Each structure stands twice: as structure tokens, then as C-alpha cells.
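Some notes on the structure that comes next.
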Amino acid sequence: MGGANPYLTLFARAGIRRSQVDADVLAHRVLELPTARGCTYVLGRDDFAWALRLGRDPAEATFKVVGRLGVDRGEIALLEEQVLHTLTEAGVPLDPRQLKDELGDSVRNLGEEGKKKGATTTLPTALGILQADGRIRRVPAGGRLDQQRYAYAPWGLRPSELTDEEIRAELVRRYLGWTGGATFKQSQWFTGFTVVQSKTALAAAGAVEVPTATGVAGSGPLWMLPDDVDLLAAFEEPAEEQIQLLAGSDSLVLLRRNASELLAGEDQGKAALGSLALQADLPDHPILDRGRIIGLWQYDTDRERIAAWLFGESTPAVARRIAELETWIREDLGDFRAYSLDSPASRQKRIDALRASMTATAER
């Protein structure tokens, strides 16, 4: 989404600083690539080829849009080859505007009708297919992941040898490992698979159904990997606090879109939370203790401070982690944007609301 979540994810889990992430992107050890549902994720080198295949169908689906506007497959195929030739000849990454200028009339303007359907020219369709095939890759402007301006460069990634069915099984296996278990609907949302594809992939991954208490995980059974079933049975909650400030699009809440389930029962009815207990996505970034959401936060760029609302009393561990994250944002990012169009001005209302909620909590 052009936000800072990839940086915070790696810093929170492993203490990795932005300079190291950017260096790894430059060296192609990690890249942001289109994969599940056509959405972009930051992937490690070993996962480039098979994960890219998951983004092929969404990329091809864009051709259906331009196809209804009179563009045939041959025209797009020719444009793909011209894009590759132009990028190779340039010797440096080119952004879409530069490519359009170089390609001239080879890029067809689709007029007002195309604009209504979200396809103003044929270039994005060609770029999407080339990227899904691993023939080109996006290069983030300035080498940073927390923005949505890109250029393109030739790539020539070797295709995965896995079949489509094996790739779907691998994604489900990874997804269940990341989440510790998910409902059928949650896995379908993340993967974008059909019912038949999802059932086949779950079986191939060796997943098992585990009943849950009423009201938990969408009131449906969880699909889990067998080893995780045993780990869950033996799990004991740590006695010590484990405080983390994460992004609202962090995998902990994004992969199952289950923010309300991570709230304690007594916190779900707080008036200032509004409909949080009824919605999938968070209005702010979460503060967590041992996997439970205990507060929300935003970064106030003007004050260079984190505006936080803790549902209960603060502790030294919370204060320490907030201070650590403030320092990291100042030194590594300068600001913490949730998505590309996020700005200090656009989040001011949420900052004010968090401070008001914190004041009200302190006065009780």
C-alpha cells in the first residue's frame, strides 16, 4: 500500500533497520512483488518464482477489461516485447511516463470509456503481465518501500517448476503456519482461491479441522497444521509483558482480518472504539501485549512523538517500547505512513481522537 509496514514488521520481529532492508532490496534478496490476489508483498529470494505465479491470473484478468474495449491479445503481446526491448536498450529503470514517451503510438489511449473502467491506456496491462511472468521487476523510487512510485527494469526470473496445484498448496501451508490456524473463509479471503481450489489445497497441505468455542474465529472451526495443534494444546501464556507497536496492516491482524478477536472482552464495548468490534480493519495502529490489543497509536510528525491510547494503565514496558519506536521512526523513516496517501494532516483527526481517549481514560 506504499506504507511503512514492511519496515516496522522487520524491525519489530528482528530489529532490522531500514538501511539493511533497502540494501537487501537493492541486492534482490527481498523484493516487493505481486502475488496472492494480485496484491504486493515483500518476499524473500527463495519465494520469488512460485509466489509470482499466484499473481498471474489477476494480471491476466486486466486483459479482459481492455479486451472489452477492442484490444486483442496480439496487441498486448507486441507491446510486451516492445516494453522489454525499450527497457533493455535504456540500460536504466524507466517509470511508466518515460516508457509511454519512448513507446509513442505503440501505447494505445483507451479514451473516456477506458477511463471509466480504470484502463486509460494499454501500458499497465502489459506491465502487469510482464511482471507476473518475472520478465520485468518494479524498482521503488529512491529504493524505499514506503511509497508507491516505481520504475521498471528487465529481470528474466527463472519460472517455478511447481504445478499450479502445488503452488496453491504451498501458499495454504505457509498461510496456516503464519496464522497458527484460520477459518475456511479467512483462508479463502487471503488466497483468493475458489472453494474447490481451497479444499484441495487444504488437503494437500495436510491441514486438519479444529473446533473452536462459540464466537471465536468467526464461529467456525479453524484449519490448522497438525504440528500447530500440538503446540496450541501445550501453550501457556507468558507471564512477562511482550509489548509491541505494529502497523494496522501488520500480518497479525491483516492475514485473518480479525482485529476484534484480539481485544479483551472488557475492551470491546468501549465507546471511543466505535464499531471496532464489528469491523475487520483497525482505524489506527495496534499496541499489543502477548498478542492482545491493549491500545492504539499514530505518529505525530509535528511533535515527533507517538500519540497513544492505552485501554488500561500504562506500564514501564509500554513506555519503554513507545520511546524505542519513536526513536526508530525519527532516525529511519522521518514519518510513519499507513499507506501512500497518508500524511500528517490527514491523520490529525485520529491523533486528536487518540489523545482525547487517553485523557478520558486517565481521568476515570
Side-chain angles (χ1 to χ4, degrees), residues 1 3 5-6 8-9 12-13 35-37 39-42 171-193 195 198-199 201-202 205 207-229 231-233 235-238 242-298 308-312 338-339 350 354:
M1 298 186 295
N5 175 53
L8 180 52
T9 289
R13 267 77 172 184
T35 177
R37 308 182 317 284
C39 297
T40 56
Y41 289 85
V42 176
L171 180 61
V172 165
R173 188 178 299 111
R174 298 289 189 97
Y175 174 72
L176 295 182
W178 297 329
T179 59
T183 66
F184 187 82
K185 286 186 176 180
Q186 287 169 342
S187 69
Q188 260 202 299
W189 169 80
F190 177 76
T191 61
F193 297 162
V195 171
S198 295
K199 289 181 177 179
L202 285 166
V208 296
E209 266 189 300
V210 179
T212 59
T214 302
V216 176
S219 299
L222 290 179
W223 286 90
M224 300 178 65
L225 299 177
D227 288 348
D228 288 337
V229 177
L231 288 172
L232 179 61
F235 177 76
E236 294 184 7
E237 183 176 312
Q242 295 180 354
I243 306 300
Q244 283 290 2
L245 278 71
L246 301 177
S249 55
D250 187 86
S251 59
L252 194 64
V253 291
L254 176 72
L255 295 186
R256 296 197 300 176
R257 301 190 76 190
N258 63 333
S260 64
E261 295 170 20
L262 303 182
L263 290 164
E266 62 270 21
D267 293 330
Q268 295 205 12
K270 292 184 182 296
L273 278 172
S275 60
L276 177 58
L278 303 177
Q279 64 190 35
D281 301 316
L282 293 165
D284 302 297
H285 308 301
I287 303 172
L288 298 110
D289 178 14
R290 287 160 285 186
R292 180 73 64 196
I293 297 175
I294 62 169
L296 301 172
W297 69 276
Q298 289 278 1
W309 170 35
L310 294 166
F311 304 151
Y339 49 91
R350 290 304 313 160
L354 289 174

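Every value quoted in this text rests on a predicted model; they were computed, and no experiment measured them. This chain uses plain numbering: 1 for the first residue, then up along the sequence.
In this structure the side chain of D250 never reaches within 4.5 angstrom of the side chain of L8, judged on heavy atoms. Looking at heavy atoms from C-beta onward, W309 lies out of side-chain contact with D284 at the 4.5 angstrom threshold.
In terms of the side chain to side chain donor-acceptor pair (under 3.5 Å) criterion, D228 has no residue partners (sequence neighbours excluded). Every residue meeting the side-chain contact (heavy atoms from CB on, under 4.5 Å) condition with A182, not counting sequence neighbours, appears here in chain and number order: Y175, L176, T179, Q186, R256. For the salt bridge (charged side-chain N to carboxylate O under 4.0 Å, His left out) test, no residue two or more places apart in sequence or in another chain qualifies with R292. For P6, the side-chain contact (heavy atoms from CB on, under 4.5 Å) criterion is met by V42, L145, not counting sequence neighbours. Listed by chain and residue number, F184, V195 satisfy the side-chain contact (heavy atoms from CB on, under 4.5 Å) test with K199 (two or more places apart in sequence, or in another chain). Under the rule for a side chain to side chain donor-acceptor pair (under 3.5 Å), the partners of T40 that lie at least two apart in sequence or sit in another chain are E32. Remark: E237 engages F235, R290 in a side-chain contact (heavy atoms from CB on, under 4.5 Å) (not counting sequence neighbours). Residues meeting the salt bridge (charged side-chain N to carboxylate O under 4.0 Å, His left out) test with D289, sequence neighbours left out: none. Shown here are the ring-ring contact (aromatic ring centres under 6.0 Å, His included) partners of Y41, two or more places apart in sequence or in another chain: F190.
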Next item on the list: Dump the intermediate steps for side chain to side chain contact (heavy atoms under 4.5 Å, CB included) on L263 and F311, then the final yes or no.
Entry: CA-CA 10 Å; L263 290 164; F311 304 151; 3.5 Å; yes
Check: T9 and L246: side chain to side chain contact (heavy atoms under 4.5 Å, CB included), yes or no, with the steps?
Finding: CA-CA 7 Å; T9 289; L246 301 177; over 6 Å; no
Check: Can you check side chain to side chain contact (heavy atoms under 4.5 Å, CB included) on W223 and V172, steps first, answer last?
Finding: CA-CA 10 Å; W223 286 90; V172 165; over 6 Å; no
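Taking every heavy atom of both residues into account, L296 and P286 meet most closely at CD2-CA, 4.2 Å. In terms of heavy atoms, M224 sits closest to G181 at CG-CA, 3.8 Å. Residues H285 and A338 come closest through the heavy atom pair CE1-CB, 3.7 Å. A308 and I287 make their closest contact through CB-CD1, 4.0 Å (heavy atoms, listed as atom of the first residue, atom of the second, distance). The two residues L262 and G291 come nearest to each other via the heavy atoms CD2-O, 3.9 Å.
With hydrogens and angles disregarded, no donor-acceptor distance shorter than 3.5 Å links the side chain of Q298 to the backbone of R350.
Atom-to-atom distance recorded for L288:CG and I294:CD1 is 7.5 Å, nearest 0.5 angstrom. Separating the OG atom in S187 from the CG atom in L255 is a distance of 11.5 Å, to the nearest 0.5 Å. The CG atom of D267 sits 10.5 Å away from the CG atom of L310 when rounded to the nearest 0.5 Å. Atoms CZ and CG, on R174 and L225 in that order, are 11.5 Å from each other to the nearest 0.5 Å. Annotation: the span from R13 atom CZ to L252 atom CG amounts to 6.5 Å, rounded to 0.5 Å. In this structure, the separation between CZ on F193 and CZ on R37 is 10.5 Å, given to the nearest 0.5 Å.
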